[in-house]
K.L.:
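My questions will all concern the structure given below.
A quick note: this is a predicted structure, and the numbers were derived from the prediction, not measured.
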Amino acid sequence: MIGMGTDVERTDGKMPNNADDDLRSLEEAYSDLREETQQLINERTSLEAEMRTLRKKIERLEENVNLLKMPPLIVGHIQDILDHERAIVRSSNGTVFQVSLNQRLDPDKLKPGTRVALNQDSLSVVELLHEAWDPMVSGAEMVEKPTITYADVAGLDEQVESVREAIELPLVKPELFEKVGIVPPKGVLLVGPPGCGKTLLAKAVANHTEATFIRMVGSELAQKYIGEGGRMVRELFSLAKEKAPSVIFLDEIDAIGAKRLDGSTSGDREVQRTLMQLLAELDGFDALQDVKIIAATNRPDILDDALLRPGRFDRVIEIPIPDDASRKAILSVHLSNMNTKKINIGRIVDRTKGYSGAELKATCVEAGMIAIRDERSSVSSQDMMDAISRLDKKRAQGTSVRSPEALYS
Ligand code: ATP
């Protein structure tokens with residue numbers, strides 16, 4: 001065939017060129033199509049991967065929704081075991097019931113005195129509980145003396161001053177207030193976006209006052225067990241009094257301190273009971289006692305006004321997204337611990353408008369990782385710029401970087 005073709009090309013001056021052109025354009029079209037096919041295959045693979053991730057996300061969200069829909073459980077103590085299916089239980093409000101036992105529970109652990117959770121409708125025992133609320137188990141973080149100092153809190157000079165005045169001074173020199181005859185605030189409320197230094201500031205105060213730092217997250221107090229949230233608040237304050245001088249840092253206070261609404265679900269009512277207990281604890285201790293409370297929230301707009309009444313959190317301190325000068329100060333703090341080479345900090349400050357303190361720290365950590373990957377021992381301006389590009393991508397995807405670790409999650 002090729003030989004024949006060549007003969008034809010030799011006898012006819014026009015045809016051979018046309019055939020060549022056709023062949024070439026066919027080959028080009030074929031290679032274009034092949035490229036397009038490959039591209040479509042790649043696209044399909046990445047879409048399939050994305051679909052898998054989204055499916056997993058849906059599953060997780062559905063689980064969360066189911067958890068949220070679950071009515072709260074009632075806490076009680078077993079008084080007597082009648083047989084392997086029935087027991088006598090005293091609930092947390094004092095009522096005694098004869099209830100059925102869930103057959104999945106270990107019968108050896110079901111003894112008189114055991115703390116159990118009861119289904120609100122059927123009152124059957126569905127879960128065994130820890131004997132007492134252990135702050136370490138329930139999400140409270142207790143640090144005898146934090147190592148953070150005011151020097152670690154950058155770009156928040158005014159806020160540091162306000163917190164020192166409201167928390168540190170009454171703890172360190174209560175006599176000043178007694179002499180003048182004024183009552184210091186019991187606590188302060190720090191409001192501002194995530195990762196801007198609220199926890200850091202609270203830790204620094206605890207360090208400077210030699211106080212124990214007890215951190216509790218509001219969502220941990222929003223319990224599914226009836227009466228448990230209030231009990232945890234009570235125990236949190238009694239732990240703080242026992243460990244005094246102490247600073248309670250109540251993060252995400254909005255989880256239990258949101259405005260009270262009518263027609264709420266039983267879960268909401270439980271959260272409200274926890275808030276009432278918190279208000280009672282706040283009112284119940286003396287402002288001159290050596291327990292101080294610092295609360296923090298990203299959502300001051302939804303807080304119940306009751307929390308902001310005089311004698312409670314009557315001092316609100318705003319911790320904003322850092323401006324140019326604050327970003328420079330925060331970057332300087334974090335870069336000061338690193339081995340750097342001719343860093344142009346002004347350029348980095350310009351490129352990180354809108355970054356939180358946590359994101360600035362994450363930028364420094366990421367730049368350090370880039371240097372390590374390149375087997376270098378110091379971080380350059382270019383590493384910082386590359387790290388910023390990576391952070392920008394994360395931010396564009398809507399992933400908030402609350403801590404440097406979040407970069408790697
Ligand atoms: P959240 O609302 O998420 O609890 P937060 O405001 O309490 O956030 P922090 O936990 O204090 O934020 O900040 C996270 C990390 O970001 C800190 O451990 C610190 O490394 C860095 N950081 C944040 N703000 C500052 C700052 N002003 N100076 C120095 N480092 C900061």
Side-chain angles (χ1 to χ4, degrees), residues 135-136 138-168 171 185-222 232 236 239-240 243 245-257 278 291-300 303 307 313 315-322 326-327 329-331 333-334 337 355-365 400-407 409:
M136 306 320 272
S138 308
E141 175 196 359
M142 195 169 77
V143 186
E144 294 282 336
K145 188 174 189 297
T147 50
I148 305 289
T149 69
Y150 290 129
D152 298 313
V153 189
L156 290 174
D157 298 345
E158 260 176 49
Q159 289 83 346
V160 168
E161 249 344 280
S162 308
V163 176
R164 288 188 78 164
E165 215 178 82
I167 306 285
E168 186 186 317
L171 276 177
K186 285 181 184 167
V188 293
L189 176 66
L190 307 180
V191 303
C196 287
K198 298 186 290 293
T199 312
L200 211 59
L201 181 50
K203 280 191 174 169
V205 179
N207 174 321
H208 280 255
T209 51
E210 305 271 326
T212 308
F213 178 80
I214 306 170
R215 175 173 186 252
M216 186 78 199
V217 182
S219 48
E220 296 279 347
L221 290 174
M232 283 164 79
L236 180 67
L239 179 76
K243 295 278 173 187
S246 55
V247 172
I248 298 178
F249 179 59
L250 192 49
D251 208 356
E252 293 177 22
I253 193 176
D254 44 283
I256 53 160
L278 173 66
V291 174
K292 291 284 160 205
I293 165 154
I294 302 181
T297 179
N298 308 325
R299 297 288 317 272
L303 281 192
L307 277 167
F313 296 106
R315 210 169 268 204
V316 179
I317 299 173
E318 205 184 328
I319 313 281
I321 283 282
S326 300
R327 285 202 307 286
I330 296 173
L331 283 164
V333 162
H334 294 295
N337 301 321
Y355 272 42
S356 67
E359 286 170 325
L360 292 171
K361 162 117 191 244
T363 306
C364 297
V365 173
S400 87
V401 181
R402 282 171 150 225
S403 65
E405 294 72 34
L407 251 186
S409 60

K.L.:
Using the rule given for side-chain contact (heavy atoms from CB on, under 4.5 Å), can you reason through D157 versus E161, listing the C-alpha separation, both sets of side-chain angles and the distance that settles it, and then say yes or no?
P.N.:
CA-CA 6 Å; D157 298 345; E161 249 344 280; over 6 Å; no
K.L.:
Is any side-chain heavy atom of V160 closer than 4.5 Å to a side-chain heavy atom of R164?
P.N.:
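Of all side-chain heavy-atom pairs linking R164 with V160, at least one is under 4.5 Å.
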K.L.:
If you compare all heavy atoms of E252 against all heavy atoms of S219, which two are closest, and at what distance to 0.1 Å?
P.N.:
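Smallest heavy-atom distance, with atoms named: OE1-OG, 3.2 Å.
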K.L.:
Shortest non-hydrogen contact from A204 to V153?
P.N.:
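Closest pair (atom of A204, atom of V153, distance): CB-CG2, 4.0 Å.
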K.L.:
For the CG atom of L278 and the CE atom of M216, what is their distance to the nearest 0.5 Å?
P.N.:
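Spacing of CG (L278) from CE (M216) equals 11.5 Å.
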K.L.:
Is there a side-chain contact (heavy atoms from CB on, under 4.5 Å) between F313 and I253 once you walk through the steps?
P.N.:
CA-CA 11 Å; F313 296 106; I253 193 176; 3.7 Å; yes
K.L.:
Between D251 and R215, does any NZ, NE, NH1 or NH2 come within less than 4.0 Å of an OD or OE carboxylate oxygen?
P.N.:
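Salt bridge present between R215 and D251.
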K.L.:
Looking at every non-hydrogen atom in both residues, tell me the closest pair between V188 and A166 and how far apart they are.
P.N.:
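Looks like CG1-CB, 3.6 Å.
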K.L.:
For the atom pair OG (S326) and CD1 (I321), what is the distance rounded to the nearest 0.5 Å?
P.N.:
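So the OG of S326 and the CD1 of I321 are separated by 10.5 Å.
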K.L.:
D254 pairs by side chain to side chain contact (heavy atoms under 4.5 Å, CB included) with which of L307, L303, N298?
P.N.:
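Of the listed residues L307, L303, N298, the side chain to side chain contact (heavy atoms under 4.5 Å, CB included) partner of D254 is L303.
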K.L.:
Quick one: OG1 on T149 to NZ on K203, what's the gap to the nearest 0.5 Å?
P.N.:
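Interatomic distance, T149 OG1 to K203 NZ, rounded to 0.5 Å: 13.0 Å.
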K.L.:
May I ask you to decide if L171's main-chain N or O and T209's side chain share a donor-acceptor pair within less than 3.5 Å?
P.N.:
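Absent.
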K.L.:
Let me confirm one number: the CD1-CG distance from I214 to L250, rounded to the nearest 0.5 Å.
P.N.:
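These two atoms lie 11.5 Å from each other.
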K.L.:
Before giving the answer on side-chain contact (heavy atoms from CB on, under 4.5 Å), spell out for T147 and D152 the whole-Å C-alpha distance, their side-chain angles and the decisive distance to 0.1 Å.
P.N.:
CA-CA 10 Å; T147 50; D152 298 313; over 6 Å; no
K.L.:
Taking all non-hydrogen atoms of both residues into account, name the closest pair between E168 and Y150 and its distance.
P.N.:
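Residues E168 and Y150, closest heavy atoms: OE1-OH, 2.6 Å.
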K.L.:
Are the side chain of E359 and the backbone of S356 linked by a donor-acceptor contact shorter than 3.5 Å?
P.N.:
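Yes; judged by distance alone, with no hydrogens or angles, the pair exists.
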K.L.:
For the NZ atom of K361 and the CG atom of L331, what is their distance to the nearest 0.5 Å?
P.N.:
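K361 NZ to L331 CG: 12.5 Å, rounded to 0.5 Å.
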K.L.:
Look up atom CG in L201 and atom CD1 in I148, then write down how far apart they are to the nearest 0.5 Å.
P.N.:
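Spacing of CG (L201) from CD1 (I148) equals 11.0 Å.
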K.L.:
Would you name the heavy atoms of R315 and S162 that are closest together and state the gap between them?
P.N.:
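Scanning both residues, the minimum pair turns out to be NH1-O, 4.1 Å.
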K.L.:
Check I319 against C196 and note the closest heavy-atom contact, atom names and distance.
P.N.:
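Nearest pair, atom of I319 first, then C196: CG2-O, 3.4 Å.
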K.L.:
Is a donor on one side and an acceptor on the other found under 3.5 Å between the side chain of K198 and the backbone of P193?
P.N.:
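Answer holds: yes.
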